[in-house]
Amino acid sequence: MDEMEEELKCPVCGSFYREPIILPCSHNICLACARNILVQTPDAESPQSSRASGSGVSDYDYLDLDKMSLYSETDSGYGSYAGFVSAPTTPCQKSPNGVRVFPPTVPQPQPQQHLLPQPGSLPPIPRNSCITCPQCHRSLILDDRGLRGFPKNRVLEGVVDRYQQSKAAALKCQLCEKSPKEATVMCEQCDVFYCDPCRLRCHPPRGPLAKHRLVPPAQGRISRRTSPRKISTCTEHELENLSMYCVQCKMPVCYQCLEEGKHGTHEVKALGAMWKLHKGQLSQALNGLSDRATEAKEFLVQLRNMVQHIQENGVEFEACLVAQCDALIDALNRRKAQLLARVNKEHEHKLKVVRDQISHCTVKLRQTTGLMEYCLEVIKENDPSGFLQISDALIRRVHMTESQWGKGTLTPRMTSDFDLTLDSGPLLQTIHQLDFVQMKVPAAPMLQLEECCTQNNSATLSWKQPPLSTIAVEGYILELDDGNGGPFREVYVGTETICTVDGLHFNSTYKSRVKAFNASGVGQYSKTLIMQTSEIAWFTFDPASAHPDIIFSNDNLTVTCNSYDDRVVMGNSGFSRGVHYWEMTVDRYDNHPDPAFGIARGDVLKDVMLGKDDKAWAMYVDNNRSWFMHNNSHTNRTDGGISKGSTIGVLLDFTRRIVIFLINDEQQGPVAFEGLEGVYYPAISLNRNVQVTLHTGLPIPDFYTPGEVDPTSSVC
């Protein structure tokens, strides 16, 4: 009941309602709070014709008011019509929940004579007083009755009383003067809770009080809740009880209102009957609201579970992200070490080359300097003959040494710059573009059971992605088994979320499932759905596959032809398993034509007699005899023909892999064809001289006993 507490608090004072009254807008307010928010309006804005009492609810149809009202020029934002006016811009206060509270205004002297207050009644309300609803902000000018014109909400008052009693920790004695003790009994007649000392002192079990019934406090609380309340009285005729309900004004009225008041011409009903009716309507409305509340609770549980899952997935995803980034950092560090090794290698190579050149130049320079110093000392000698003996050799050595310092000798073999440039631009761009992409496979689709169904030998399946899934889906794969417990096989791959599969076996149970896929892979399968095809095959002739000369009628059950040549038409259902029987009646038979009846593959020729090619197995018949024909081979001529009204039956038994023909419920010739395997369609060929009507859903003829029928066989 804690959630109900806000419904029981006044929008002005924020406390529990005390003596609540009902405003014409159906909102409630404490009587004392209503006096506090009254404001006085000038006479010019409140003509007598625009005044309204709180009881005149019928004078204000708020639906019409909303359509016809004009917006006020003040900042209140609500309109005015009849007795409703814009809220004056009077200084106001704020209640605990933010509602404007207008202080009571001092009444101005009025020339009119005011009504004197009666003993025990409310003080007089200034004329032209206006009250503004703190919730919907509609304003109402009061009449001479003031706040007494508004009905009291006794139901709300009772609910508040029961709620406050239910919240009380313990029932206290009502007669203890100081620190009340816990009550031990309650007198049902006195309606008072007593502790033991007060009961002995104030309610002795003798005299008139001896007949009073004392009950435990808890039982007394219940009886107090359920005790009948005082009968409500009319706001206009205070001495009259409310006994009827005005349907037009939608309010309780008294007998005097019907006799003298404005409700005399209105439709009225018994108060008790309308009370029960409205209680039933409220209960019915609460049922729907209760369903919504239950759904909301389940939704909140789902959201709370989502919070937990989000937290768990967030931690897991964060750990995965950190691991991926750490892996990138490790790869970058490894590449950094490799690049640094190359730089160090280049560094050592440059140093080695330069140091070798320094060493080589140092040796040569030392030799050159020694030669120069020796030559200078030789030049200092004064012995011409001795000088000439060695001068030629020295001159050659000097020239040779000079030539060794030729071009390129004094040029560095290695530059000091490193000819390596790290191309980090693409990597930096890739790092800047590093973002989350679709890396998960789609979630398992959800089969929409309300849209999945079977009809005849077709199955329609519908599915959707989970509502909270944000993973992209590129397509779906639908799989069915063979209807006999075999393996699944793909029957549809595409982007659609609904698919109809035709050509299934009759009277078979199929399992179906679907999965989604995207660029990351294939997701999980949905739950497996088991579907049952029809036990009996109902089919018609198929206009889509028929020759254009075929004429259809009777919902595609009756066919004829507009050509003198034979034309082929097939049924719209194929068979590959079970026992099947259907008949065709001859509606018209002129000039002794040769219609053919039988079965055919889907690609049979449509412009020749049935049985002329190797795609059909047929019996063609005239008015005297019949033949079996397959691949233009005629066999088993049998006496007995057809005429108007004849019935031709076809019995296809896959348990024995045979087909048998009947004319007028009698077998025509032996077994027509054997060794049948695969998918076959009912088929006939006819010309314009013949008209036939198809009949399906028939039992097997009595003379025929099927062989060992497999569990999935069906009869049609």
Side-chain angles (χ1 to χ4, degrees), residues 447 449 451-463 477-493 498-514 525-542 544-545 556-557 570-583 598-604 615-617 649-660 672-683 694-701 704-716:
L447 289 169
L449 301 181
E451 298 184 13
C452 297
C453 62
T454 59
Q455 184 176 8
N456 216 6
N457 65 333
S458 298
T460 299
L461 295 103
S462 178
W463 60 87
I477 301 174
L478 175 63
E479 297 182 356
L480 268 72
D481 68 353
D482 61 355
N484 196 25
F488 283 91
R489 63 187 188 277
E490 294 181 3
V491 296
Y492 171 76
V493 178
I498 186 170
C499 178
T500 299
V501 183
D502 298 320
L504 302 177
H505 298 299
F506 288 93
N507 195 25
S508 300
T509 301
Y510 285 88
K511 296 180 180 179
S512 58
R513 62 187 184 184
V514 63
Y525 284 106
S526 66
K527 293 182 178 180
T528 300
L529 177 64
I530 299 177
M531 309 183 74
Q532 175 73 34
T533 56
S534 175
E535 295 183 3
I536 299 177
W538 299 88
F539 62 91
T540 63
F541 291 116
D542 184 18
S545 62
N556 298 333
L557 291 175
M570 297 191 302
N572 59 2
S573 295
F575 307 112
S576 61
R577 184 170 24 175
V579 181
H580 309 274
Y581 179 71
W582 63 94
E583 292 181 348
I599 56 177
R601 303 287 192 187
D603 55 349
V604 66
K615 306 295 184 182
W617 294 256
V650 181
L651 194 154
L652 179 61
D653 185 354
F654 283 101
T655 61
R656 295 181 176 178
R657 299 161 57 188
I658 62 174
V659 62
I660 297 174
F673 302 101
E674 298 178 333
L676 301 177
E677 290 184 353
V679 179
Y680 298 89
Y681 293 86
L694 176 66
H695 304 278
T696 60
L698 304 177
I700 299 175
Y704 184 75
T705 302
E708 184 179 357
V709 181
D710 66 34
T712 61
S713 65
S714 64
V715 179
C716 67

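These numbers come from a predicted model, not from an experiment.
Judged purely by distance below 3.5 Å, without hydrogens or angles, the side chains of Y681 and D542 never pair a donor atom with an acceptor atom.
Going from atom CG of L651 over to atom CH2 of W582 covers 8.5 Å, rounded to the nearest 0.5 Å. Here the CG atom belonging to N484 is positioned 5.0 Å from the CZ atom belonging to R577, to the nearest 0.5 angstrom.
Contact between F575 and F654 at its shortest, heavy atoms only, is O-CZ, 3.3 Å. Residues M570 and S545 approach most closely at CE-OG, 3.9 Å, considering heavy atoms. The minimum heavy-atom distance between S458 and D502, with the atom names listed, is OG-OD1, 2.6 Å. When all heavy atoms of G486 and D482 are compared, the closest pair comes out as N-OD1, 2.7 Å.
T533 pairs by the side chain to side chain donor-acceptor pair (under 3.5 Å) definition with nothing, not counting sequence neighbours. Residues that satisfy the side chain to side chain donor-acceptor pair (under 3.5 Å) test with T528, not counting sequence neighbours, are absent from this structure. With sequence neighbours excluded, the residues forming a side-chain contact (heavy atoms from CB on, under 4.5 Å) with C453 are T460, listed by chain and number. Judged as a side-chain contact (heavy atoms from CB on, under 4.5 Å), and not counting sequence neighbours, the contacts of N456 are F506, S534, W538, S573. Every side-chain contact (heavy atoms from CB on, under 4.5 Å) that A672 has, sequence neighbours left out, goes to F628, V659, F661. Taking Y492 as the reference, W463, L478, E496, C499 meet the side-chain contact (heavy atoms from CB on, under 4.5 Å) condition, with sequence neighbours excluded. Taking E677 as the reference, R657 meet the side chain to side chain donor-acceptor pair (under 3.5 Å) condition, with sequence neighbours excluded. Residues satisfying the salt bridge (Lys or Arg N to Asp or Glu O under 4.0 Å) criterion with R513, sequence neighbours excluded, are E479. Every side chain to side chain donor-acceptor pair (under 3.5 Å) that S462 has, sequence neighbours left out, goes to Q448, E451. E583 is linked by a salt bridge (Lys or Arg N to Asp or Glu O under 4.0 Å) to nothing, counting only residues two or more places apart in sequence or in another chain.
For the pair L461 and M531, the minimum side-chain heavy-atom distance is below 4.5 Å. In this structure, the side chains of L480 and L504 come closer than 4.5 Å at one or more pairs of heavy atoms. Between H580 and P682 the shortest side-chain heavy-atom distance does not fall below 4.5 Å.
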For this session: Tell me, with the steps shown, if N457 and F539 meet side-chain contact (heavy atoms from CB on, under 4.5 Å).
Result: CA-CA 10 Å; N457 65 333; F539 62 91; over 6 Å; no
For this session: Show the numbers, then the answer: is there a side-chain contact (heavy atoms from CB on, under 4.5 Å) between W617 and L676?
Result: CA-CA 10 Å; W617 294 256; L676 301 177; 4.2 Å; yes
For this session: Please assess D653 against Y704 for the test side-chain contact (heavy atoms from CB on, under 4.5 Å), listing each intermediate value before the final yes or no.
Result: CA-CA 11 Å; D653 185 354; Y704 184 75; 2.4 Å; yes
Exercise. Yes or no on side-chain contact (heavy atoms from CB on, under 4.5 Å) for D481 and Y510, after CA distance, side-chain angles and deciding distance?
Worked result: CA-CA 6 Å; D481 68 353; Y510 285 88; 3.6 Å; yes
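At a threshold of 4.0 Å, the pair D603-K615 counts as salt-bridged, since one of the basic side-chain nitrogens sits closer than that to a carboxylate oxygen.
Looking only at distances, a side-chain donor or acceptor of R601 sits under 3.5 Å from a matching main-chain atom of V679. With S512 contributing its side chain and L529 its backbone, the two residues share a donor-acceptor pair below 3.5 Å.
A 6.0 Å sphere centred on CD of Q532 holds more than 12 heavy atoms belonging to other residues, nucleotides or ligands.
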